[in-house]
Amino acid sequence: MDQALLDEAVGELRALVALDGGDVEFVSALEGTVALRLILEGAECRECVMPKEFLEQIALDMVSTRLTEVSAVTIEDPRG
């Protein structure tokens, strides 16, 4: 998996989440699945950050357009 392309996609998602005061970090990439972690320590309104399912779909779109071998993105969300 091309790490530079993955970093580019994660950076794009980070910029989107930052608008609501959150952040995203890369966790792992295994067998076509990218795992990310949502960070909400700096968010003034934790519930204002997009729901996990919506973020996962956006992240998948951002990653899979660059890396066609990626078929899933999971996001660890501290909101549960």
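Positions are given from 1 along the sequence.
- Rounding to the nearest 0.5 angstrom, the gap separating the CD1 atom in Ile58 from the CE atom in Met50 is 4.5 Å.
- Residue Glu44 qualifies as open at atom CD: its count of foreign heavy atoms under 6.0 Å is 12 or below.
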Report task. Step by step, work out the salt bridge (Lys or Arg N to Asp or Glu O under 4.0 Å) result for Arg66 and Glu12. Result -> CA-CA 12 Å; Arg66 292 169 174 89; Glu12 189 177 344; 2.5 Å; yes

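- Counting only distance, with no hydrogens or angles, the side chain of Glu69 and the backbone of Gly32 share no donor-acceptor pair below 3.5 Å.
- Here the closest non-hydrogen pair linking Ala43 and Gly22 is CB-N, 4.3 Å.
- Transitive grouping of hydrophobic side chains (ILVMFWY, heavy atoms separated by less than 4.5 Å) brings Val17 and Leu19 into a common cluster.
- Interatomic distance, SG of Cys48 versus CG of Leu40, reported as 10.5 Å (0.5 Å rounding).
- Each of Leu13, Ile39, Val49, Leu55 was checked for a side chain to side chain contact (heavy atoms under 4.5 Å, CB included) with Val24, and the lone residue meeting it is Leu13.
- Screening residues 21-39 for side-chain hydrogen bond (donor to acceptor under 3.5 Å, both in side chains) gives Arg14-Asp23, Glu25-Arg37, Arg37-Glu76 as the qualifying pairs, with residues at least two apart or on separate chains.
- Considering only heavy atoms from C-beta on, Leu36 stays 4.5 Å or farther from Glu56 through its side chain.
- Considering every non-hydrogen atom in both Pro78 and Leu38, the closest pair reads CD-O, 3.3 Å.
- The side-chain heavy atoms of Phe26 and Asp7, taken from C-beta on, include no pair separated by under 4.5 Å.
- Remark: the backbone N or O of Ala4 is paired with a side-chain donor or acceptor of Asp2 at under 3.5 angstrom.
- Residues passing the side chain to side chain donor-acceptor pair (under 3.5 Å) test with Gln57 are Asp61, sequence neighbours excluded.
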